[in-house]
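Here's the structure we're looking at; comments come further down.
Small disclaimer: the values here were computed from a predicted structure and weren't measured. Letters go in sequence order (proteins before strands), and every chain restarts at 1.
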Amino acid sequence: MNELLEKLNPEQVRPVLDTEGAVLVLAGAGSGKTRVLTSRIAYLIEEKGVSPYNILAITFTNKAAKEMQERIGRMTDVSGMWVSTIHSMCTRILRKNAERLGFNDKFSIYGESERAGVIKKSFQECDYDDEKLLKNVKWHISNAKTLALDPDGYAVRQNAEGNTKDLDAVVQVYRRYQAHLRENNAMDFDDLLMLTARLLRENEDILAYYAGKFRYILVDEFQDTNAVQFEIIRMLAGAHKNLFAVGDDDQSIYGWRGADIGNILHFERNFPDAKVYKLEQNYRSTKTILALANAVIHHNKSRKDKTLWTENAEGSRAVAFEAADETEEAAFTARTIAEFVRRGAKYSDFAVLMRINALTRSYEQEFAKYGINFKVFGGFRFFERKEIKDILAYLRIVNNPFDGEAVLRIINFPRRGIGDKTVQTLEEYAAQTGLTVYDALLDADELPLTSGAKTKLKAFAALLKDLVIQGQALSVAELARYVVEKTGMREAYADDSDDSLTKRANIDEFLNSADEFVRLNPSASLEDYLNQVALSSDTDDADEGDYVTLATIHSVKGLEFKCVFVCGLEDGTMPVSRAQDDEKDMEEERRLMYVAITRAEEKIYFTRSRSRYLYGRREPTARSVFLNELKDFLSLSDERPLYKRYEGDFYGDSYGKSYGSYGDRRSYGSSFGRYGGSGGYGFPSDDDGFRTVGSFRASSPQNAGMGGMKKGQESGGSAGNAYSFARKLTAAPAAGQGTAGAGNYPVGTRVSHPRFGEGTVVHSRGSAGNVIITVAFEKAGNKELSARLAPLTVLR
DNA sequence: CGACTGGCCGAGTTA
DNA sequence: CGGCCAGTCG
């Protein structure tokens, strides 16, 4: 245990030891918050004798949950501890108590497309048909659930706030939508949270059980919690009040999903006795990268003030590259990566981060061309593909025969001659008799249909019955395979079009993944499997493979890479166009930029295209404001020649030559007057405020390269941190190093000491490792303290 | 019943 | 450009 604490710096140790009451840790990017979280849990169990059974840890992704569990598991026994995402936690609580809410424990979880479908149906049943209104209604339903309000509650709230536009429709459709979900024994993502909140709010015994059980609650990524999540957490923490929240307001990027940055900004208001700690020392990135990050985030107004610093190396200068078009942008990235790999880097050292999914395409093409391994995260998720959803629908019916949506989805797929009219008759019958669609099917003989249609319905009913029976005996993987074979799913894609080929391959991949699931979770039920599928996030299947990560910035929250390319830095793309006229939205876009930059450990590139083919049109673009905010740190030009020079410097002439055909493709540019069509290569213009010094050399391998990269690799996966922490142990402590490291307690800092109270640092002496500061305490007078050892908290 | 066509609209991030 | 829908025809 002591070893564990020794690995922490003083600012990390304090929140680990401060185990009781509400504690907020404002943890800057890369400041070792996961280490603090895991250390604290281990400390609770090992030193405080807390049973893992009494601990709840909430993470942002399943992968983070798994990793945290493993990390703590290496230090101590964790059996019985709940480590999960809030959605998984809610699902678990709901399964156990579903009947209190009028559901049964096999309820289906509806994803985005099912949700859209059922809302639309409800909308039409209420005799509305305006597409704009529908869109609005959808948004409001999610908004209401995020606020944990039912239709009536939402009406009251909206009326009180004067937001009466479309309110009647919203309430009417919302009510109907919930009724449909209930008929289907289904919940959507928002329900998982809202219904858990309701369950706890309305059932004292259930709340007492969980609030009594979870004596210690830890929440990671607290900045991205929304109102209903906060309500759940607050209720659960109500009995013991031991809430440990870790977050970074600067990394709040889910405002559009209802995340309330106020939860972190007003933590002390909600928990008046709360203690607040800051982690400002970064172990992940070079000084250069942190300077970029700070330069960007500095433009935001609503944030808690903190400044990241690091003892890490200066690092190499960031490079900005402006391409003529997206192909050139991707090619630049591909060649840069290929060159680094040739020199010994791994593909997995790199990530290409973007604001919108649509930008991945050119990278996929260029990477394929260069033989670069890559994996795309974000965007169309595997389990959202039609062919996969169809198989899942069959599995959902077996698990939850109430799920009429699932039945209707596949009632005529693969084709079995059951048309719209038959389906309509069936639905009407079900509605009239109050039967589920599944049960109505079994009554096919009673329906006013031709005998042909009845026969087909009966055959379909027999198929479903057979699947249900098989489901009793078969494993998830076997059942899935049985479904595919029995329904002729593959034969439905028998032709040799590219599309069918892909779909068949996806079906096989799906079956393989089901095998894998069974292998890893031998005792899991069908329900467990469907849970996991519904709640899995994209980055959950990031693995140890050697590939370049192509991802949206949202999906790499919490991850880190040796080298990051932030691409598509154009007005309207990053920041995205709809954010530009709203100050609040712009701040979130800026935080997104901040998150992107702080993913990088050693090198960072910023790229953009001067023209981009997007949404079916090629259009000239303007440089992103974020690039302008970084202009003091970048070498940047709006003209081509620098690209050539860069090529020369970077790869040597031979390389540049092999790419000599480049000029040919300039024909692209010529359709846009100012984009380099007219007079060949000019000279870089300096009038745009950017320093266009010849410091492209700074990025040349001889001077900077990825020297540190190879070093990091030696220690494997989490090399960055392992390396940093190791160095930390042998080198100087946080405070007092004449460099940025002195930032811990510089003269003038307001600090708080548990015994002496508040005071101001008036003097600092000593050298690395043994800095003595003099603090003038208001009540206790002047004290000399060791910067390394004294239990000081920096005040603002 | 179902395959096919043409027109219209929207275009972002995700558990 | 692509998804969705309504309309048409075999």
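Taking the side chain as every heavy atom from C-beta outward, A/I261 and A/E588 never approach each other to under 4.5 Å. Counting heavy atoms from C-beta outward, A/L408 and A/V437 have side chains that approach closer than 4.5 Å.
No hydrogens or angles considered: nothing links the side chains of A/K63 and A/S537 as a donor-acceptor pair under 3.5 Å.
A/K135 comes within 4.0 angstrom of sugar-phosphate atoms only, judged by non-hydrogen atoms across all strands, and of no base. Among the atoms of the strands shown, only primed sugar atoms or phosphate atoms (P, OP1, OP2) are found under 4.0 Å from some heavy atom of A/I418. Contacts of A/G111 with the nucleic acid, taken as non-hydrogen atoms under 4.0 Å apart, are absent. When heavy atoms are screened at a 4.0 angstrom cut-off, A/E112 is found touching base atoms of the nucleic acid. Across all strands, A/T422 comes closer than 4.0 Å only to sugar-phosphate atoms, never to a base (heavy-atom distances).
Between the side chain of A/N412 and the backbone N or O of A/R416, at least one donor-acceptor pair lies under 3.5 Å.
Comparing A/R355 and A/K421 along DNA chain B, the residue whose closest nucleotide (by nearest heavy atom) sits nearer the 5' end is A/K421. Nearer the 5' end of DNA chain B, as judged by each residue's closest nucleotide, is the contact made by A/K132, out of A/K132 and A/D190.
What separates CZ of A/R415 from P of B/dA3 is a distance of 4 Å, to the nearest Å. Straight-line distance from the CZ atom of A/R578 to the P atom of B/dT13: 10 Å, rounded to whole Å. The nearest whole Å value for the distance from the CG atom in A/L614 to the P atom in C/dG2 is 12 Å. Here B/dT13 presents its C1' atom at 12 Å from NZ of A/K557, a figure rounded to the nearest Å. A/I553 places its CD1 atom 15 Å from the P atom of B/dG12, with the value rounded to the nearest Å. A straight line from CG of A/N357 to P of B/dG10 spans 21 Å, rounded to a whole angstrom. If you take CE of A/M593 and P of B/dG12, they are 20 Å apart, rounded to a whole angstrom. Taking atom CG on A/D224 and atom C1' on B/dT13, their separation rounds to 12 Å, with Å as the unit.
Here B/dT14 is the nucleotide among B/dT14, B/dG2, C/dG2 with the atom lying nearest to any side-chain atom of A/T552. Checking B/dG12, B/dA15, C/dG2 against every side-chain atom of A/R361, the shortest atom distance belongs to C/dG2.
For the pair A/K145 and A/Y154, the NZ or CZ position fails the cation-pi test of under 6.0 Å to the six-membered ring centre and within 45 degrees of the ring normal. Both tests do not hold together for A/R115 against A/F189: distance to the six-membered ring centre under 6.0 Å, angle to the ring axis within 45°.
Stacking annotation: A/F189 is stacked on the base of B/dA15 (ring centroids less than 5.5 angstrom apart, interplanar angle below 30 degrees). Residue side chain A/W256 meets the stacking definition with respect to B/dT13: its ring centre sits within less than 5.5 angstrom of the base's six-membered ring centre, and the planes differ by less than 30 degrees.
A/R617 has no side-chain polar atom (N or O) that falls below the 4.0 Å cut-off from OP1 or OP2 of B/dA11.
Results of the side-chain contact (heavy atoms from CB on, under 4.5 Å) test with A/Y529 over A/V476, A/N399, A/N521 single out A/V476 as the only residue that passes. Applying the salt bridge (Lys or Arg N to Asp or Glu O under 4.0 Å) test between A/E570 and each of A/R623, A/R612, A/R355 identifies A/R612 as the sole match.
Below the 3.5 angstrom threshold, one finds a donor paired with an acceptor across the side chain of A/E589 and the base of B/dG12.
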Polar atoms only, N or O, under 3.5 Å: list the protein pairs with nucleotides 3-5 of chain C and their distances.
unit_1 : atom_1 : unit_2 : atom_2 : d
C/dC5  : OP1    : A/K120 : NZ     : 2.2

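Spacing between C/dC4 and B/dT13 at atom P, rounded to whole Å, works out to 16 Å.
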